[in-house]
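Everything on this sheet refers to the single structure shown next.
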Amino acid sequence: MDVSHILDNLNDDQRNAVTSEKQHLLVLAGAGSGKTRVLVHKIAWEVEALGRNPSSIMAVTFTNKAANEMRSRIEELLQSPMLDSWVGTFHGLSHKLLKRFHKEAGLSSGFTILDSDDQLRIVKRISKDLSLDEATWPARQSQWQINTWKDDGLRSKDVDEKGDFYTETVNKIYKEYEELCIRDDLVDFGELLLKSYEVLINSPSVKDFFQTRFQSILIDEFQDTNTIQYKWLREIASKKANVTAVGDDDQSIYGWRGAKVEHVNSFTDDYKNTEIVRLEQNYRSTNVILNAANALIDNNQDRLGKNLWTEKLEGEQIILYQAYNEQDEARFVADVLKDWMNKGGAYEETAVLYRSNAQSRALEEALLRVSIPYRIYGGLRFYERLEIKNAIAYLKIIFNNKDNPSFERSISNPTRGVGEKTLGKIRQAAKKFNISYIKASAKLIDEGSIGGRGGAGLKDYLEFIIGCKQFIEDNTLSELMELIIKESGLYAYHAKEAGEKGKTRTENLEELITATKNFEQSIKDEKTNVEIAESYLDVISLDSGDRQASEHDDAAQLMTMHSAKGLEFKLVLLTGLEESLFPHGRSMESASQLEEERRLCYVAITRAMEKLYITHAESRRLHGTDTFNPPSRFLREIPKELIDEIRPRAQTNIPYNRKGFNETKMEFEEEIGIALGQKVKHKKFGEGIVLNYEGSGDSARVQVNFDESGTKWLVMAYANLEKL
DNA sequence: ACCTTCTTTCTTTTT
DNA sequence: GAAAGAAGGT
C-alpha cells in the first residue's frame with residue numbers, strides 16, 4: 001500500500017516520531033509544533049504501514065473535544081471510520097472498562113456517575129450526619145481532599161493520618177462517603193479511574209483482555225497526567241505494547257489539580273527503549289513572539305530544555321500598554337480590536353486573555369459600549385445549568401431506580417410538599433431495608449406512614465415516574481423529555497422565576513428538547529427508545545457541553561489563559577500583567593507555583609500568531625477596593641528590544657513607574673478641580689457624589705453616583721457640574 | 001416553602 | 001462590591 005501520503009507534509013522531526021522503530025516514544029512537542037498532527041499521523045501510520053487493526057490502538061486525551069477532534073482527523077486521513085476504537089478521555093475509557101467489567105468492579109450494569117455537584121451534596125450530608133460544624137469543616141474542602149486522595153490512588157484505608165486531627169476527620173468523611181457510594185452504586189469522576197485501576201490490578205482476566213488487545217497506546221498532553229492516570233496507563237500497557245507519550249513540560253499548567261510534570265521525566269525510566277523526539281519548529285508565531293516566549297520560560301529551573309524556532313518573518317514588536325486603570329485598559333483593548341477590524345481583520349481572529357474570570361467584566365463593558373461582538377468562555381456549561389440538571393434528574397431516575405441523587409433532585413424540583421422531614425424518613429427507611437430511595441418511598445406510601453402534604457406530593461411523583469416509564473416504550477426520547485419538562489411542573493416552576501432568569505431557564509429547557517432530538521437523529525444503528533435514552537445519559541454524564549454563553553459569527557474571544565491552551569489567534573491581547581494578579585498572589589509563595597504561573601504566561605504568549613499586545617494597569621478595582629500593583633515580573637523577563645512601549649494619554653511624559661498612582665490623582669484634582677467624594681449637582685441628573693475620574697484635558701471624565709439616577713460616567717467638558 | 005438579611009469569600013477547571 | 005451561601009423569620 002502506498003503510505004507516502006501519511007509522511008508527506010511532515011518535517012524531519014515529525015516524520016521521525018511517526019516512523020520511530022523503538023518500542024516507546026516520548027515526543028516533547030513545543031507550542032505550535034504540530035503535536036496533534038504527529039499523533040494523528042502516527043496512528044494512521046500504524047494502521048496503514050504496519051498493518052495494525054485500528055481496534056488494537058488506544059488513544060487517550062484529557063478532554064472530549066480533543067478526543068473528538070483526534071478521531072475525526074484520523075478518519076479523514078484514513079478515509080474510513082474508526083470502528084470499535086478506544087479513542088477517548090481517561091474518564092471515558094475508564095467508564096467503558098467499568099461498564100464492560102462491572103461485575104469485577106462490584107457495580108451493577110447501570111451504575112450512576114456522580115458529578116461534582118452531587119458529590120458535594122453527599123459530602124455535605126455526611127458532614128452533617130457526623131455533626132461536623134460547617135464553618136470548621138467546609139464540605140468543599142473535604143470534597144477537594146477526598147478527590148486529591150483519589151487522584152493519588154488512595155482509598156480511605158490507605159490514607160496516612162499521622163495522628164493529624166484534620167486528616168483523621170476528613171478521612172472519617174471519606175470512609176462514610178466510600179461506603180455510601182458502594183451501597184448506592186455511585187461512581188464519581190476520580191472513582192472511574194481509581195476503580196478501573198483496581199480492577200486491572202485485581203482481575204487477571206480483565207488485565208489480560210486489555211494487554212492482549214492493545215498493541216499501541218498513545219497519550220496526549222502527557223504533562224497533565226496525575227498519579228492515578230499514570231498508574232492506570234502502566235497497567236493497561238503490556239510489556240510488549242508500544243507506548244507513545246506526547247507532551248510539553250513547559251505547558252504544564254494544571255499542577256494545582258494533581259497533574260505531575262515529573263511523569264515526563266519518569267517515562268524514560270519506566271519505559272526502557274524509548275526514543276525521544278523534540279519538536280521545536282513552530283508553525284504558528286512570528287520570531288518576535290517566539291523569542292519573547294523562549295526568553296520568559298528560560299527563567300524556569302526544572303526544564304527538559306527546548307528552544308522553539310520558526311521560519312516565519314521577524315514580525316511586529318510586542319506592544320506594551322500601561323493603562324491608568326482597568327477601564328482604561330479595557331478601552332485600549334476595544335480600540336485595538338476596532339483598529340484590527342478596520343485594517344481588514346476579522347474579530348474571530350482575535351482573543352483577549354486574562355488570568356482570572358473576574359477581569360472579564362470591565363472588558364465586556366468596554367466592548368459592549370463600542371458594539372464589538374465578543375464570545376466569552378466561562379460560566380456554566382449547558383448540562384451544568386440548574387434547570388437542565390433538574391430535567392435530566394427525571395430522565396435518570398426513570399432509567400435507574402437506584403439513582404438516589406437524582407431522586408432527591410427531582411422530588412424537590414419543582415417543590416411538591418416533600419421537604420427535609422419527609423426526605424429524612426425516606427433515607428432512614430432506605431438504609432434500614434437496604435433499598436433505593438424510590439422503593440423506600442413507595443413502601444412508606446403503601447404502609448400509609450407518610451400522610452398530609454408530603455404524602456400526596458410523593459404519591460403524585462411516583463405515579464408520574466411510572467407513567468414516564470410506560471411512555472418511553474412507545475415514544476421517543478425527545479418526546480419523553482418534553483413530557484418531563486412540561487408535565488412534571490418543572491417548566492412552570494422555572495418560568496415563574498423573576499425577570500430574565502425565568503426566561504433564559506425556560507429557553508434552556510426548550511433547548512434541551514432540541515438537544516435530545518439532535519441526539520436521536522445522530523443514532524444510526526437500530527436501537528430501541530430505551531437504549532437510545534440510556535446511551536444519551538451515558539454521553540452527557542461525561543460531557544457537559546459547550547462553555548460559551550453567547551454565540552456570534554464573527555466575534556472576539558474572551559477567555560482565561562488556562563482555557564486558551566491549545567488554541568491560536570492572529571491577534572492576542574494579554575491583559576492584567578500585574579504582580580499579585582499575574583503571577584497570582586496565591587501562587588507567589590512557592591517557587592514551583594511561581595514557575596507554573598510562568599508556564600501559564602508562556603502558554604498565553606504562544607497563542608499569538610502575528611501580533612501580541614500586553615497590558616497592565618496602574619490601578620485596578622479588585623474585591624471592592626482599589627489596588628496598585630507594580631507591573632508583572634514576567635514583563636521584565638521579556639527582552640526590551642522585542643517590546644514597543646506606549647503610554648496612555650493621561651500621562652504621556654511621566655517616566656515609566658516613576659510616578660505613583662496617587663500623584664496622578666493629585667494632578668487630576670489640580671487640573672479639573674474635583675476630588676473623590678465631592679458632592680456635585682447636574683442639571684438633569686440632580687445631586688450625586690464623585691466616585692472616580694480618569695483622563696485629562698478634553699477627554700477628562702468623572703464617574704458620579706447620582707441619588708436619583710444611579711452611577712454615570714460624564715465628560716467634564718460637557719457635564720457642567722456644580723460643586724456643592 | 002419561601003423570603004429577607006447577614007456573612008463570607010473572591011485563581012486557574014476537566015471529567 | 002457582588003454573589004453565593006447560611007441562618008433566621010414568617
Side-chain angles (χ1 to χ4, degrees), chain A residues 60-67 88-95 113-120 124 128 133-135 138-141 144 147 150-151 187-194 221 224-226 228-229 252-259 353-362 377-381 383-384 386 412-422 453-454 457 493 496-498 538-545 547 559-566 576 580-588 593 596-597 599-601 603-604 621-627 691 705 711:
Chain A
V60 199
T61 63
F62 277 83
T63 65
N64 292 301
K65 200 176 146 206
T89 63
F90 274 105
H91 294 87
L93 300 181
S94 294
H95 182 215
I113 293 183
L114 223 47
D115 65 20
S116 25
D117 250 34
D118 298 333
Q119 187 187 34
L120 180 64
K124 256 186 196 156
K128 213 170 185 176
D133 167 46
E134 290 222 43
R140 253 177 211 294
Q141 198 184 332
W144 178 83
N147 287 335
K150 287 199 178 197
D151 287 346
V187 176
D188 62 46
F189 293 135
E191 185 74 19
L192 283 169
L193 277 144
L194 183 50
E221 304 282 11
D224 288 337
T225 48
N226 64 29
I228 192 67
Q229 286 160 344
S252 157
I253 55 173
Y254 287 110
W256 52 274
R257 64 178 197 211
L353 309 183
Y354 35 81
R355 173 68 236 261
S356 60
N357 286 307
Q359 286 166 252
S360 72
R361 176 173 244 150
Y377 289 70
L380 292 180
R381 297 144 136 248
Y383 288 102
E384 283 168 359
L386 182 81
S412 6
N413 293 290
T415 45
R416 42 167 68 80
V418 180
E420 214 23 66
K421 234 175 107 191
T422 315
R453 234 179 341 156
Y493 176 67
K496 72 167 198 274
E497 284 186 86
D538 267 354
V539 169
I540 64 171
S541 68
L542 290 173
D543 189 353
S544 1
R547 280 198 93 200
M559 67 187 87
T560 64
M561 302 183 193
H562 280 91
S563 18
K565 192 176 160 205
S580 91
L581 194 68
F582 187 44
H584 195 272
R586 297 210 168 177
S587 300
M588 292 200 297
Q593 287 187 71
E596 182 155 311
E597 294 282 296
R599 291 194 292 267
L600 182 58
C601 189
V603 167
R621 233 179 147 64
L622 267 180
H623 315 319
T625 40
D626 284 317
T627 51
L691 296 179
N705 184 14
T711 310

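All values reported here derive from a predicted model rather than from experimental measurement. Note on naming: letters A, B, ... go to the chains in the order of the sequence lines (proteins, then strands), and numbering restarts at 1 for each one. As a basis for the values below, the full set of heavy atoms in this structure was taken, side chains included, without hydrogen atoms, waters or symmetry mates.
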Of the candidate nucleotides B:dT11, B:dT15, B:dT12, which contains the atom at the shortest distance from the side chain of A:Arg381?
B:dT15

Which of B:dT12, B:dC10, B:dT15 is nearest the side chain of A:His562? It is B:dT12

Using the P atom in both, what is the distance from C:dA4 to B:dT11, to the nearest Å?
15 Å

With a 4.5 Å cut-off on side-chain heavy atoms, are [Y] and [X] touching?
X: A:Ile228; Y: A:Phe90; value: no
X: A:Arg355; Y: A:His562; value: yes
X: A:Lys565; Y: A:Asp224; value: yes
X: A:Ile253; Y: A:Val603; value: yes

For [N], does OP1 or OP2 lie under 4.0 Å from any side-chain N or O of [X]?
X: A:Arg257; N: B:dT15; result: no
X: A:Ser563; N: B:dT13; result: yes
X: A:Arg355; N: B:dT12; result: no
X: A:Asn64; N: B:dT15; result: yes
X: A:Asn357; N: B:dT11; result: no

Listed pairs, N/O of protein and of nucleotides 1-10 of chain C, under 3.5 Å:
none

Between [atom2] on [N] and [atom1] on [X], what's the gap in Å once rounded to a whole number?
X: A:Leu380; N: B:dT13; atom1: CG; atom2: C1'; value: 13 Å
X: A:Met559; N: B:dT11; atom1: CE; atom2: C1'; value: 17 Å
X: A:Lys150; N: B:dT15; atom1: NZ; atom2: P; value: 18 Å
X: A:Asp115; N: B:dT14; atom1: CG; atom2: C1'; value: 12 Å
X: A:Leu581; N: B:dT12; atom1: CG; atom2: P; value: 11 Å
X: A:Phe582; N: B:dC10; atom1: CZ; atom2: P; value: 20 Å
X: A:His91; N: B:dT13; atom1: NE2; atom2: C1'; value: 12 Å
X: A:Asp118; N: B:dT15; atom1: CG; atom2: P; value: 17 Å

Please classify the nucleic acid contact of A:Ser116 as base, sugar-phosphate, or nothing, using heavy-atom distances under 4.0 Å.
base

Determine the contact category for A:Ser587: base if any of its heavy atoms lies under 4.0 Å from a base atom, sugar-phosphate if only primed atoms, P, OP1 or OP2 are that close, otherwise nothing.
base

Do A:Ser563 and A:Thr560 pair up side chain to side chain, a donor and an acceptor below 3.5 Å, judged on atom types alone?
yes

For a quick check under 3.5 Å, do A:Gln119 and A:Asn147 share a side-chain donor-acceptor pair by atom type?
yes

State whether A:Glu134 and A:Lys124 are salt-bridged, where the test is any N-O pair (Lys NZ or Arg NE/NH1/NH2 against Asp/Glu carboxylate O) under 4.0 Å.
no

Are A:Asp151 and A:Arg257 ion-paired here, with the side-chain N under 4.0 Å from a carboxylate O?
no

Report yes if the ring of A:Phe62 lies under 5.5 Å from the six-membered base ring of B:dT15 with planes under 30°, and no otherwise.
no

Nearest-nucleotide check on DNA chain B, A:Lys65 vs A:Ile253; residue mapping nearer the 5' end is A:Ile253

side-chain contact (heavy atoms from CB on, under 4.5 Å) between A:Asp543 and A:Thr89: does it pass, once the steps are laid out?
CA-CA 10 Å; A:Asp543 189 353; A:Thr89 63; over 6 Å; no

Please write out the pairs of protein N or O atoms and N or O atoms of nucleotides 1-8 of chain B separated by less than 3.5 Å, giving the distance to one decimal.
residue, atom, partner, partner atom, Å
B:dC2, OP1, A:Thr415, OG1, 3.2

Centroid-centroid under 6.0 Å between A:His91 and A:Phe62 rings
no

If C:dA7 has a Watson-Crick or G-U wobble mate with both distances under 3.5 Å, name it; if not, just say none.
B:dT4

I'd like to know whether A:Glu596 forms a side-chain contact (heavy atoms from CB on, under 4.5 Å) with A:Ser587, so could you lay out the CA-CA distance, the side-chain angles of the two residues, the decisive distance to 0.1 Å, and finally the verdict.
CA-CA 8 Å; A:Glu596 182 155 311; A:Ser587 300; over 6 Å; no

